[in-house]
Amino acid sequence: MNRFTLLSLYRSLVRHKLYAALNIGGLAVGIAVFLILGLYVRFETSYEKGLPDHDKTYVVQTTWTLANSPINGTFAWTMGGLLDQMREDFPGVVGTRINGGGNAGSILAGGRATPVDAAQVDANFFQIFRLPLVAGDAATALAQPGNAAIDEQTAHAYFGNRDPIGQTLVLSMDKVRTYRVAAVFRDLPKNTDLKLSVLVPLTREMGTENWYHWGSTNLQTYLRFDTPAAARAFEGKLTAFVDRRGKELADVGEKPSSVQQLSLLPLADLHLEPQGNDSSSAKTTVVTLGLVGVLTLLIAVVNYINLATARAGLRAREVAMRKVLGADRGTLVRQFLGEAVLTVAIAALGGLILAELGLPLVNAAGGLSLTLPYEVVVPALVMLTAVVGVLAGVYPAILLSRFPAASVLASARSPGGGRAGTRIRELLVIGQFGLAIAFMIGTAVLVAQTRHVRATDVGFQREALIVLQSTADSAVPKDRLPSILTSLRALPQVKDVTVSNAAAGGSGDYNSDNVPLPGVAGPGPSLKWELVSPRFFETHGTRLLAGRWFGDAYGKDDVYSLDQSKGFNIVINRRALSTLGFASPEAAIGKTVGGDRPRTIVGVVENMRFDTPRKALPPTYYLYYRLPEKIGTSVTTIRTTGDPRSAMRAVQALWQRMMPQVPFNAKTADERLADFYEADDRATRLFGIGAGLAVLIGCVGLWGLASFNTQRRVKEIGIRKTLGASSLDIVKLLVGQFLRPVLIANLVAWPLAFFAMRTWLAGFEDAIPLSPLFFAGATAVALLVAVLTVLGQSLRASRAAPAWALRHD
Amino acid sequence: MIRLENIQRRYVSDEVETTALADINLHVEAGEFVAIMGPSGCGKSTLLNTLGTVDRPTGGKYLFGERDLAALDEKDLAKFRGWTLGFVFQSFNLIDELTIEENVALGLAYRSDAGDRKGRVAAAMDKVGIAHRARHFPHQLSGGQQQRAAIARAIVGDPKLILADEPTGNLDTANGEQVMNILGALNDDGATIVMVTHSPAHADMARRRIDMLDGRIVASAMRAM
């Protein structure tokens with residue numbers, strides 16, 4: 001590339017500012033979208049990879065395969081004592097356990113309780129999770145029951161600049177206990193699901209009664225293997241292990257391993273692995289957004305190539321002249337490749353700037369905290385520039401260097417790559433608009449579905465409802481619960497109060513059991529059960545379909561005071577009707593199910609969706625406890641009289657007066673349910689931004705192409721007008737020419753969008769139908785955009801005086 | 001200096017075969033000024049393009065000095081053009097994005113011998129009286145000025161042969177005269193020129209006139225000095 005090439009490129013960009021802005025701007029936007037979504041994918045797939053030896057660490061998963069059970073699925077949780085039994089059966093196995101993490105405890109200081117990411121871990125924790133220590137000794141840090149290891153942030157928050165080693169802190173986790181800080185570890189990175197700030201030794205005394213109860217899952221067990229092969233070999237022995245050790249599981253199945261299996265999952269895979277019967281939304285989201293990034297870049301590159309080749313024809317004269325002056329093909333190919341790489345480099349720089357500017361917006365829209373790591377981004381952009389530059393430059397370079405100099409210089413018209421060139425450009429427009437239309441359909445469906453999920457009937461009145469989780473804290477003495485409830489009821493902002501072991505937002509326990517049906521062999525279908533106390537349905541505003549609510553007046557309602565083998569009353573939800581084989585709510589009333597624990601149905605209520613819309617709603621039956629304090633995990637739900645925010649302040653003040661040592665943990669039901677929609681909302685927003693920009697880039701491409709074609713056809717327009725064509729005829733001709741590829745693009749877009757959206761909607765139990773309106777609407781928008789894009793130019797061209805047009809070359 | 005022997009140029013498309021040049025035999029001596037005339041489509045420009053090696057004959061022999069140009073590949077031909085030839089076109093063919101000075105300098109861009117480029121460019125521009133427009137862009141100049149700039153580009157490398165394809169075709173009479181005077185002066189200084197023209201008056205300024213018809217040379221006459 002000589003000086004003149006650079007000069008002529010620079011001047012060409014300056015002279016054709018609009019063209020340069022479209023060409024480089026479009027590519028820059030594409031690169032920015034690709035960069036940002038690439039960062040998102042990189043972040044999401046980097047979970048746990050910042051931890052030392054993450055590739056040697058595996059989490060033990062429990063998979064349930066019960067007949068018709070709502071809890072079937074794979075969970076990264078195990079029985080407490082599993083590791084002990086593994087050590088007995090497989091001497092030499094190296095593992096550790098984590099119980100808690102993420103706000104699981106609270107530090108008591110100055111009469112106030114502050115939630116903290118506390119966990120109980122085995123003494124050998126630091127041998128498996130080799131977190132870098134700032135102070136203390138990894139081998140002995142957790143060796144004493146009264147020792148604690150804390151992260152730097154906690155050390156700083158509680159001890160300031162004092163040496164934290166040897167200091168004490170009071171931690172409430174199951175019990176209130178004083179610990180002596182024996183080690184300080186580096187704060188964990190952002191890209192980890194291990195939320196650990198305070199670590200204390202895990203002791204059997206603190207464990208649950210289910211420590212060796214096969215069938216329970218209450219903590220996380222991690223194993224360490226030096227090679228993946230060793231992990232696989234160990235995994236192969238687990239079926240026999242379950243059959244040998246898990247004899248109690250045989251109650252519900254023939255062989256223990258037919259209802260429960262154990263498996264190993266590499267630590268780094270845990271973040272995107274769906275838990276239980278969730279549809280794999282996290283993975284789908286990451287893959288989808290990654291695809292959006294790649295496809296947007298593709299559209300931008302296609303765009304660039306399209307505009308570059310179209311414009312290249314206009315430079316035929318220059319090329320011919322250079323040939324005449326002695327430039328050979330190699331020189332010209334190098335010149336055009338050089339120009340293309342240089343232009344793409346400018347676009348890459350622009351893309352980087354756009355990404356940097358756009359990142360705060362995207363972070364806000366996606367609930368992310370992404371930053372541009374230049375040490376990765378710059379080499380990636382350099383590579384991208386080389387690849388895209390060569391891709392974009394090679395076709396025009398070869399095309400142009402092939403033009404026969406003699407005919408180009410002799411003729412007044414510039415060659416545009418002939419019919420083949422036009423075909424290729426049309427194909428590129430079809431591909432580009434096909435993707436853009438598919439993106440539009442996708443965005444519309446995503447938005448409609450997330451709206452639908454938010455607006456859908458959850459089976460209870462979610463407004464003006466507060467869920468107070470603090471009452472379930474083990475630090476709350478059970479005998480204090482009645483007085484807390486009484487005080488809550490006395491608040492003027494409170495209308496109703498109830499306690500249950502599950503609440504809106506999915507917190508609390510998740511229990512299920514098999515309900516034998518009369519006259520049907522086998523253990524019967526598996527139903528979820530929830531413990532509720534007085535005024536549970538009334539507080540939630542649940543709709544009663546048949547029968548009655550629970551009440552203290554009915555002798556067989558209060559399960560706690562009854563011998564269950566003699567029978568008790570239950571209320572079921574609508575979903576349980578079909579599971580238990582009833583044709584209507586009325587048909588279920590008075591019927592008894594449940595084999596040796598006879599359960600009589602006294603009420604049928606609407607399905608109450610406490611959990612994520614991505615989980616199947618389980619058939620459920622409700623058990624009644626007259627005394628709320630007898631419910632193990634006692635979550636309180638409060639119906640407020642007016643604005644829940646003012647009620648929230650009153651409840652908080654009351655809580656801090658009565659239970660200052662227990663952190664106040666409450667949210668409105670709306671907020672808690674919103675957490676479930678948040679991931680999909682975020683994904684929808686990110687998708688919408690990416691798709692919107694992709695459509696924009698597509699339009700830019702169409703505009704550029706339209707302007708190029710119109711320019712090339714000025715003479716033709718002149719001839720047509722001389723022969724009697726009206727301005728309208730000319731507009732029709734030009735617009736029609738561009739509508740054809742856009743219409744054909746729909747053939748590409750529709751099946752693509754249909755299959756993609758059908759797959760995505762399958763992840764929701766309550767999915768909207770894939771209406772043809774989405775498709776027709778996107779097509780209409782695409783056509784409208786295409787018409788508007790080319791209309792302005794067509795109008796201008798159609799108005800030109802024929803004499804001028806005929807002289808034009 | 002130039003020897004064309006039985007040069008043929010045929011274009012073959014799907015169904016039609018067109019003969020643009022048929023058995024052309026032509027000698028051009030160094031220092032000659034040759035004008036080619038003839039009706040449109042008679043093969044004038046094809047002949048000029050063949051001389052300029054931007055079109056390859058389908059038969060015959062083209063000797064430039066002692067060199068047989070048929071034996072050269074594309075790369076060597078490009079080099080040959082850069083070192084040996086200067087072109088002037090009816091439609092100027094200046095590059096819009098470059099200034100006049102830069103356009104003229106382009107005549108040296110593909111050569112390695114250029115030496116004092118600036119000086120040579122300035123001299124070439126001086127010769128055609130365009131130096132005062134050096135920093136302007138082509139679209140800022142009149143047609144005559146543009147053609148003079150194109151001539152400066154053609155002569156900046158001291159070519160052995162200048163090929164001019166209707167150099168006055170796009171110009172008014174006064175500008176046409178000016179351009180012809182420049183070409184005449186160049187020829188007086190020793191340059192060899194082959195020019196295609198429709199103007200008998202301009203053809204008369206050449207030393208030799210060749211008339212073509214249907215791809216053949218039908219007459220060749222020396223002008224009486």
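Order of the sequence lines fixes the chain letters, A, B, ..., with proteins taken first and strands second; residue numbering starts at 1 for each chain.
If you measure heavy-atom distances from B/F137 to chain A, the contacts under 4.5 Å come from the side chain alone. Residue contact with chain A, scored on non-hydrogen atoms closer than 4.5 Å, is absent for B/A154. For chain A, the nearby parts of B/T99 are the backbone and the side chain; heavy atoms of each come within less than 4.5 Å.
In summary, of the residues considered (A/T343, A/L349, A/V341, A/V390), a side-chain contact (heavy atoms from CB on, under 4.5 Å) with A/T385 occurs for A/V341 alone. The residue from B/R135, B/H136, B/R133 that alone fulfils the side-chain contact (heavy atoms from CB on, under 4.5 Å) condition with B/E101 is B/R135.
The residue among B/Q90, B/R81, B/E166 with the most heavy atom pairs within less than 4.5 Å of chain A is B/R81. Chosen from B/G52, B/G107, B/A105, B/P159, the residue pairing most often with chain A at heavy-atom distances under 4.5 Å is B/A105.
Considering only heavy atoms from C-beta on, B/I2 comes within 4.5 Å of B/L51 through its side chain.
When only modelled atom types and interatomic distance are considered, B/H202 and B/T197 share no side-chain donor-acceptor pair under 3.5 Å. No side-chain N or O of B/N170 forms a donor-acceptor pair with one of B/Q147 less than 3.5 Å apart.
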